[in-house]
S.K.: 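Here's a structure for you.
The chains referred to below are lettered A, B, ... by the order of the sequence lines, with proteins before strands, and numbering in each begins at 1. Every value quoted in this text rests on a predicted model; they were computed, and no experiment measured them. Just the heavy atoms: all of them, side chains too, but no hydrogens, waters or symmetry mates, feed the values below.
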Amino acid sequence: MTRLTRALAPFVLIAVLLAGWEIACRALSVPLYFLPPPLAIAQALAADWKPLLLSAWNTLSMALIALVVASVLAQALALAVGLSPIMERAVRPLAVVLQVTPVVAIAPLVVIWAGLDHAGRAIVALAVVVAFFPIFSGAVTGLKAADPDLELLFDLYGASRLQRLTRLRLPSAVPYLLEGHKVAAGLALIGAVVAEFVAGSGEAQGLAWRILESSHRMQTAEMFAAVLVLGAMGAALHAILEAAERAGLAWWRGR
Amino acid sequence: MTRLTRALAPFVLIAVLLAGWEIACRALSVPLYFLPPPLAIAQALAADWKPLLLSAWNTLSMALIALVVASVLAQALALAVGLSPIMERAVRPLAVVLQVTPVVAIAPLVVIWAGLDHAGRAIVALAVVVAFFPIFSGAVTGLKAADPDLELLFDLYGASRLQRLTRLRLPSAVPYLLEGHKVAAGLALIGAVVAEFVAGSGEAQGLAWRILESSHRMQTAEMFAAVLVLGAMGAALHAILEAAERAGLAWWRGR
Amino acid sequence: MIAALSEVEVDYPRRRALGPFSLEIGAGEIVALVGPSGCGKSTAMRLLAGLEAPSRGRVARTPGRGETAVVFQAPTLAPWLSARANAALPLALAGVGRTEAAARADAALARVGLKGAEAARPAQLSGGMAMRVSLARALVTDPKLLLLDEPFAALDEITRRALADDVLALWAQARPAIVFVTHNVEEAVYMASRVVVMTKGPGRTAGEVATEAALPRAAGFRTTPAFRAQVEAVSALLSQGMAPV
Amino acid sequence: MIAALSEVEVDYPRRRALGPFSLEIGAGEIVALVGPSGCGKSTAMRLLAGLEAPSRGRVARTPGRGETAVVFQAPTLAPWLSARANAALPLALAGVGRTEAAARADAALARVGLKGAEAARPAQLSGGMAMRVSLARALVTDPKLLLLDEPFAALDEITRRALADDVLALWAQARPAIVFVTHNVEEAVYMASRVVVMTKGPGRTAGEVATEAALPRAAGFRTTPAFRAQVEAVSALLSQGMAPV
Amino acid sequence: SPAKQAEAPKAGGLTPIRFATDWKAEAEQGGYYEALAEGLYARHGLDVKIVQGGPAVNVPQLLGAGSVDLGVGSNPFIVLNLVQAHVPVKAVAAEFQKDPQVLLAHPGTGVAALADLKGHPILLDDASITGLWVWLKAKYGFTDGQVRKYDFNNGPFLADKRAAQQGYVTSEPYTIEKQAHEKPVVFLLADNGYPGYASMILAPDTLIAKDPAAVKAFVEATAQGWRDYLYGDPRPADALILKDNPEMTQDVLDQARDKLKSYAIVDGGDAKAAGVGTMTDVRWNAIFDVAASQGAYPKTLDVKQGYTLQFLK
Ligand SMILES: Nc1ncnc2c1ncn2[C@@H]1O[C@H](COP(=O)(O)OP(=O)(O)OP(=O)(O)O)[C@@H](O)[C@H]1O
Ligand SMILES: Nc1ncnc2c1ncn2[C@@H]1O[C@H](COP(=O)(O)OP(=O)(O)OP(=O)(O)O)[C@@H](O)[C@H]1O
Ligand SMILES: [Mg+2]
Ligand SMILES: [Mg+2]
């Protein structure tokens with residue numbers, strides 16, 4: 001019973017919210033193009049599911065590549081930075097600058113740098129910029145979260161900086177890394193979408209294009225359907241990472 | 001000496017990078033409108049610093065309000081969710097959907113809701129959407145990171161859910177909350193900029209206004225100057241939060 | 001009867017931790033649990049506290065919520081709370097007012113010899129001091145069942161004896177049932193009305209030694225022949241229990 | 001001389017932790033440090049290990065990096081490593097090959113009675129087992145200076161004595177200098193060539209008791225009158241040091 | 001890299017031309033698509049590939065970086081910006097003699113002329129804020145405080161009766177009427193004295209210097225394309241547009257083409273006499289006077305750097 005409740009909980013809440021929304025839309029007779037009721041969105045979804053899924057796959061693959069690249073880059077940089085406090089003080093402000101640099105501002109440059117024929121590369125690069133920071137920040141914070149007594153032990157045994165990094169600080173950072181990736185996954189997805197907004201040309205096939213197009217055409221139900229697909233992908237990605245986090249933490253804690 | 005090195009490290013690295021950039025630009029004679037050399041950016045900065053600072057202040061104030069609102073909302077929701085695992089399973093996917101919803105997609109709705117005369121509200125609301133997730137996710141993760149033996153102790157003394165939340169889980173979450181806020185600060189800033197891109201008004205012209213204007217007028221040096229100011233604000237905000245994190249963690253650990 | 005384990009067994013994925021093991025704790029009884037390292041004493045304590053369920057067998061407990069107090073083997077203090085706030089935690093959870101809770105916590109800290117360290121954080125305490133804060137936290141309430149897992153292990157002989165007498169004095173007032181784990185056989189015999197000896201893990205009962213002398217002990221009890229005889233008996237059971245079966 | 005503290009004092013923000021305190025450790029010497037809880041024994045150990053600097057006074061040390069081994073008062077194990085990997089850590093850091101390190105770690109674990117628990121994680125170990133892994137980690141290398149902070153506190157009498165003899169046997173082979181903290185006076189006298197007694201915190205030297213008998217002890221040493229006399233002497237110094245000055 | 005593209009081997013003897021438009025495929029680009037679909041470009045020795053634009057595509061930047069060979073300049077301010085930023089790119093033809101830009105207002109709110117919009121919130125996109133907004137401010141005394149962001153979504157406009165919004169005469173009036181069943185009040189800026197050209201063909205100086213014949217060929221083929229699209233058979237272009245932009249629909253294309261004709265966007269004004277694509281020094285000077293009057297550009301800017309008449313008949 002409780003197990004069932006747990007499994008159904010998200011759906012029940014969503015159903016309640018949707019019902020409220022539908023009723024509100026009808027009661028206030030909100031025009032379709034302002035805020036479509038859930039049923040209209042469902043219809044749009046049912047009508048368009050094939051191209052939507054194709055677009056979703058395009059966006060998702062970009063986001064996944066970006067997440068992997070961001071993960072590798074951020075962790076590599078965090079490790080490099082972890083070797084020397086001076087490096088950290090030097091690199092960290094630059095990472096922040098990268099985080100707050102609007103994708104829109106650098107998109108044209110990235111597009112030109114990637115070449116107009118490789119819109120995919122530009123999109124991945126921009127999504128990497130968006131997803132990079134939480135992993136980097138989590139890694140840097142986590143690398144410092146090691147048990148101070150274990151740090152003393154490593155002092156005692158004359159561990160080299162590299163040994164300390166790989167054998168103490170990196171494993172100690174695992175919980176923070178997992179959390180960082182959880183935040184970054186969503187950012188990679190939204191980063192891919194935003195990148196496609198700004199870097200995609202007519203050839204782009206991802207969800208962003210559908211969202212923009214439906215928005216411009218005030219086909220708000222279609223737009224919500226696309227956003228919904230995006231949200232579902234995000235939730236699925238999050239659920240996977242959440243499961244990975246649970247497993248990772250159980251491994252890490254040893255129970 | 002080492003203290004000096006530490007304090008100067010970021011500046012030295014930045015100086016080296018800038019010098020390399022300047023030299024590369026000159027050597028390859030990259031056109032100014034394509035990628036301006038640092039000196040040109042510095043000139044633009046010197047020429048425009050007054051309006052830039054005003055814009056920066058507009059953006060920063062929006063971002064700060066958004067950060068505070070996001071912080072309050074995310075923590076309140078995380079606490080509510082922390083009271084019941086079923087609530088968590090229900091709310092968390094919705095939070096993810098919110099995270100991956102592109103600001104551009106919901107901007108028109110938010111603008112309608114806020115009214116055209118309150119562009120500021122719309123910007124803050126959109127920036128809140130962007131900054132919300134890392135705090136929420138960090139809070140939820142942190143609320144579960146309490147020492148399992150202390151959890152047993154709370155079982156033993158028959159602590160109520162609320163007591164467990166406020167006296168055990170919330171304090172245990174402090175390190176994760178601090179990390180979440182560090183990531184969210186940058187997101188609030190970039191969120192405010194992006195929100196201004198899509199929902200801004202000419203009334204309070206923030207940095208987004210400057211960036212778009214320079215970008216469209218191909219005054220790339222001016223655009224970089226605005227991005228630079230944004231980056232500096234981000235770095236400053238980050239440094240403040242970093243200091244707060246250090247103090248917070250020292251308090252938390254009791255040493 | 002306050003708590004009872006009947007033929008309990010506790011299994012972990014690749015290892016049995018305890019049992020089959022039975023133990024009945026009567027009201028107002030003081031029972032010492034001794035046994036080799038890793039035999040399942042801490043596991044048995046968690047069962048008695050109702051914090052864990054056995055894989056097999058039955059656990060019966062009469063104390064209600066908040067009527068059991070435990071000192072875990074490790075101090076288990078909240079790092080963000082002062083010694084005072086840590087000791088006052090059970091009171092705070094029971095809804096006792098701030099000032100009263102603080103006063104009672106201070107009194108408990110003074111009782112374990114930590115006057116002056118009330119404001120210190122766990123990270124600022126020595127190992128023995130942290131353990132004593134944990135003990136103060138258990139003594140601050142009025143439990144029906146007090147479970148102490150090697151509470152004095154990190155303490156010097158003198159502090160240790162003083163605290164043992166203190167616990168006995170406390171017992172004389174409210175007569176809670178006390179179960180404590182110790183590696184100090186003399187301490188076990190001195191404090192307990194009954195010493196339960198466990199075999200090496202997974203622990204079973206190796207034997208029991210009961211002490212007739214009235215509790216709390218009369219001065220000089222440690223030097224009586226009866227005391228020495230019982231210490232010898234427990235030691236013999238221990239050696240037996242550790243021999244490969 | 002392997003390590004020496006001369007008139008050291010350690011101050012923490014609101015509290016003096018130690019001193020003034022002096023202690024010289026000769027090569028191959030076994031020194032026991034006893035004193036009341038919170039007197040600064042662990043602090044003194046950290047100074048001897050070179051892990052902390054005194055607020056005043058001087059610390060001299062001859063062992064190079066990696067030639068000191070420490071068992072902290074708490075187990076201090078990496079939760080993500082198995083008992084084997086934890087015990088092998090000093091070897092891994094010294095660049096010893098994987099298989100050799102694992103073999104030596106297994107041998108050290110067997111020596112502390114943990115055969116069969118090599119693959120377990122710290123969270124799956126009992127308190128005493130975790131402490132023994134920590135001890136195995138200290139014994140796995142060939143240190144010049146071995147610092148043990150209450151290594152046997154969480155262990156039963158029998159395991160404790162076996163391990164004490166084991167440490168002495170190890171000492172007989174390589175003759176490292178050993179400093180160990182204990183609350184067990186008999187253990188101190190049995191194992192050490194010199195017992196240093198500290199006053200209550202901030203700890204100073206209350207007195208020293210030296211033992212003439214050869215190390216490792218002959219069988220039956222615990223029953224000799226000399227042993228009893230020295231135990232009495234240390235206990236007397238302890239009581240003295242704990243009295244308010 | 002740009003150099004490599006320029007020297008790429010000509011496919012079947014044709015000169016490869018990458019041409020960037022300023023928006024997704026639509027009737028407003030009918031002439032280009034017609035020329036491509038009918039093979040006019042190929043007949044002029046060009047192998048043209050149309051690169052679709054969008055809300056974030058910045059054609060001048062692509063041209064400046066050499067990522068494309070030719071592109072569409074939406075409004076004359078782009079040309080002035082190019083001059084000011086010393087980007088060696090010039091306008092070589094103007095396909096729209098009248099800019100189709102309009103401002104829309106709600107009916108029955110007392111807005112009878114552009115001047116009445118003073119104080120009203122006006123929704124503008126990024127390009128227009130640096131473009132026609134300069135003219136609006138200069139002419140009507142509007143202030144920056146009135147500007148709201150237009151994300152190409154009509155919702156915010158429809159939700160606020162006081163609001164005005166930019167649009168293309170060929171597009172928004174139709175879609176709004178369809179969506180909201182409300183006929184908005186439409187002010188064509190060109191009819192209110194806005195002097196700007198639109199849909200200009202931009203070419204980098206390097207290409208003009210290296211292969212002027214190709215540029216001329218493109219200008220001529222495009223002019224023919226427009227004539228054919230408007231007065232011949234538009235179906236080849238429409239098919240290509242619908243293929244490039246699957247979201248487009250035939251009814252939108254049809255009404256847009258009608259509006260292009262009825263407002264004489266392509267063949268009105270000077271084009272009546274001089275043909276499609278024509279530009280004049282007089283008109284450019286008028287444009288510059290308006291733009292510079294607000295201080296947005298230095299009076300000394302040499303507007304002649306921004307266009308050339310050498311490819312026009
Ligand atoms: N989470 C766990 N997973 C697997 N095995 C466990 C776990 N917890 C305890 N054990 C095992 O259960 C056995 C009993 O543990 P317990 O802590 O009860 O021993 P103990 O008698 O208290 O020992 P000590 O005197 O050393 O504290 C040990 O062998 C231990 O390895
Ligand atoms: N980080 C710290 N900040 C403040 N005070 C500290 C800190 N660490 C230790 N102390 C204090 O220093 C004193 C000595 O501590 P130490 O751990 O050396 O005692 P000890 O002799 O090892 O005691 P025990 O036998 O209980 O382990 C104690 O009073 C303790 O409160
Ligand atoms: Mg135990
Ligand atoms: Mg200590």
S.K.: Are side-chain heavy atoms of D:R121 and A:W252 found at a separation under 4.5 Å?
M.R.: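 Sidechains of A:W252 and D:R121: no contact.
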
S.K.: Nearest 0.5 Å, please: how far is OG1 in D:T141 from CG in A:L156?
M.R.: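 The distance works out to 9.0 Å.
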
S.K.: For D:S193, which residues count as a side-chain hydrogen bond (donor to acceptor under 3.5 Å, both in side chains) partner, sequence neighbours excluded?
M.R.: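 D:S193: no side-chain hydrogen bond (donor to acceptor under 3.5 Å, both in side chains) contacts found.
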
S.K.: Residue by residue, scan residues 71-93 of chain D and write down, ordered by number, those that have a heavy-atom distance under 4.5 Å to chain A; if none do, write 'none'.
M.R.: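 Listed by number, the contacting residues are D:F72, D:T76, D:L77, D:A78, D:P79, D:W80, D:L89, D:P90, D:A92, D:L93.
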
S.K.: Scan for salt bridge (charged side-chain N to carboxylate O under 4.0 Å, His left out) pairs involving residues 61-87 of chain A, sequence neighbours excluded, and state none if there are none.
M.R.: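 Qualifying pairs, neighbours excluded: none.
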
S.K.: Please classify the contact of A:S160 with chain D as side chain, backbone, both or neither, using a heavy-atom distance under 4.5 Å.
M.R.: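 No part of it gets close to chain D.
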
S.K.: What residues of residues 43-53 of chain D sit under 4.5 Å from chain A when only non-hydrogen atoms are counted?
M.R.: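 The stretch touches chain A at D:R46, D:A49, D:L51.
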
S.K.: Who wins among A:A159, A:S172, A:P171 for the most heavy-atom pairs under 4.5 Å with chain D?
M.R.: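 That would be A:P171.
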
S.K.: Does D:R56, at its CZ atom, have more than 12 non-hydrogen atoms belonging to other residues, nucleotides or ligands within less than 6.0 Å?
M.R.: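 Counting other residues, nucleotides and ligands, CZ of D:R56 exceeds 12 neighbours.
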
